[in-house]
Amino acid sequence: MVERTKLKTDENALGGAIGQLVLPFAHTPRFAADDFVFSASNAAARSWLLGPTPWPDRRLALWGAAGTGKTHMLEIWAQMHDALLLQGPSLSHGHVAALFGAGGHAPVMAIVLDEADCCTDERALLHLLNTAREHGIALLMGGREPPARWPVVLPDLASRLRATMAVAIRQPGDGLLRVLLLRLLAERQIVVSQPVVEWLLRRLPRTALAMQEAVRRLDHAALADGGRVTRALATRALADMLVGTMMAEGKESEPEA
């Protein structure tokens, strides 16, 4: 009897420990064309990417705040044009030299450089811009600021960036924020009742990045809590994001959902 009681106690302890364990599963965003949401905030960028107007020097930069859909649009354009997808932070002069080879000819006709404003090797970026232009290779870049504002030192690079056509992606409106929140929840398979969704939409900051951060926290909190996403759980997980609105609303009371 003593052994069976001890075993049951150990099982309960193990169950409690598992319930509090949050496994670090990586979340991979989806960038399929069918998942992209068209709105007024990205209309100008869509027009330049999909329209007939040629890019000056076959070079274009999309810029906007984090979470506004830059990477999604870059990925879609890369798929459409079979473009080589590069990352600004890892771009190096050796990488660019290897890409174009000894003869100076790249095996592609289109290149996408995401996070181009985070490139630390300015000579690599300058070499990429110059060589792509020489060989008529379309170059699409993404960053959080327009190229003219990127903090570069090389005068030639600064000149090339100022001459680059830049198109902004604005913060999404209320309709797109709703779609974004629902899609982010669905991607992580988080089930949230409609009243809680509406409650979140009224209280979260009106930016795409805030929606992404909120869903990430809710996912983590729900896994740790072992239950569903309720208004109480959301209040705990998003306290610092909701505090301004909560204080302004005072003692508002809503039913738990």
Side-chain angles (χ1 to χ4, degrees), residues 27-89 109-119 125 129 132 137-150 161-188 190 197-198 200-216 241:
H27 169 64
T28 303
R30 294 176 54 184
F31 294 126
D34 291 343
D35 293 327
F36 188 78
V37 181
F38 297 90
S39 73
S41 62
N42 54 51
R46 284 187 286 114
S47 176
W48 277 97
L49 289 183
L50 306 177
T53 305
W55 306 348
D57 291 329
R58 303 202 70 188
R59 189 167 66 236
L60 181 71
L62 299 185
W63 66 276
T68 51
K70 294 187 304 298
T71 295
H72 198 158
M73 297 192 78
L74 296 180
E75 292 267 1
I76 291 174
W77 190 86
Q79 294 168 17
M80 292 174 56
H81 297 272
D82 196 24
L84 177 65
L85 185 57
L86 304 175
Q87 300 296 323
M109 289 304 298
I111 297 174
V112 170
L113 182 64
D114 198 5
E115 295 186 286
D117 53 338
C118 296
C119 179
L125 183 55
L129 266 60
I137 297 173
L139 176 60
L140 176 62
M141 300 183 291
R144 296 194 180 184
E145 295 287 342
R149 298 181 191 169
W150 296 355
L161 293 176
R162 285 195 300 269
T164 299
M165 178 68 195
V167 184
I169 303 178
R170 305 299 180 185
Q171 285 290 353
D174 289 348
L176 183 53
L177 284 174
R178 175 184 296 275
V179 173
L180 177 61
L181 177 60
L182 294 174
R183 176 160 293 172
L184 291 170
L185 291 170
E187 282 184 0
R188 293 177 180 262
I190 306 174
V197 168
E198 298 299 330
L200 289 169
L201 286 170
R202 290 195 297 270
R203 287 158 180 78
L204 287 170
R206 318 305 296 168
T207 68
L209 185 61
M211 298 298 165
Q212 291 181 337
E213 175 63 12
V215 171
R216 186 192 67 80
M241 298 180 69

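Using a 4.5 Å cut-off on side-chain heavy atoms (C-beta onward), M165 and R58 make no contact. R46 is not listed as a side-chain neighbour of I169, based on a closest heavy-atom distance of 4.5 Å or more. L129 places none of its side-chain heavy atoms less than 4.5 Å from the side chain of D57.
Nearest approach of L62 to A45, heavy atoms of both residues: CD2-CB, 3.9 Å. Nearest heavy-atom pair across R178 and E198 is NH1-OE2, 2.6 Å. Of all heavy-atom pairs between W150 and G143, the closest is CZ2-CA, 4.5 Å. The two residues W63 and R170 come nearest to each other via the heavy atoms CH2-NH1, 4.1 Å. Closest non-hydrogen pair, A210 versus P205, comes out as CB-O, 3.6 Å. The shortest heavy-atom contact between A110 and I137 is N-CG2, 3.8 Å.
W48 pairs by the ring-ring contact (aromatic ring centres under 6.0 Å, His included) definition with nothing, not counting sequence neighbours.
A donor-acceptor contact shorter than 3.5 Å is absent between the side chain of K70 and the backbone of A168. D114 places no side-chain N or O within 3.5 Å of a backbone atom of T71 that could act as its donor or acceptor partner. Formation of a donor-acceptor pair under 3.5 Å by the R202 side chain with backbone atoms of V197 is not found in this model.
With values rounded to the nearest 0.5 angstrom, I190 atom CD1 is found 11.0 Å from R216 atom CZ. Between the CD atom of Q212 and the CG atom of L184 there is a distance of 6.0 Å, given to the nearest 0.5 Å. The distance from atom CH2 of W55 to atom OG1 of T164, rounded to the nearest 0.5 Å, is 11.5 Å. Here the straight-line distance linking atom CG of L204 with atom CD of E213 works out to 10.5 Å at 0.5 Å rounding. If you take CE on M141 and CD1 on I111, they are separated by 11.0 Å, rounding to the nearest 0.5 Å. Taking CG of L200 as the reference point, atom CG of L185 lies at 7.5 Å (rounded to 0.5 Å).
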>> side chain to side chain contact (heavy atoms under 4.5 Å, CB included) for L49 and L140? Distances and angles first, verdict last.
In response: CA-CA 9 Å; L49 289 183; L140 176 62; 3.8 Å; yes
> After noting the C-alpha distance and the side-chain angles of L201 and M211, does the key distance pass the side chain to side chain contact (heavy atoms under 4.5 Å, CB included) rule?
Replying inline: CA-CA 9 Å; L201 286 170; M211 298 298 165; 4.2 Å; yes
>> Checking M80 against L50 for the side chain to side chain contact (heavy atoms under 4.5 Å, CB included) test, could you report, in this order, the C-alpha distance in whole Å, the side-chain angles of both residues, the deciding distance, and whether it holds?
In response: CA-CA 10 Å; M80 292 174 56; L50 306 177; 3.7 Å; yes
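P172 pairs in a side-chain contact (heavy atoms from CB on, under 4.5 Å) with only one of the listed residues (V179, N42, L177), which is L177.
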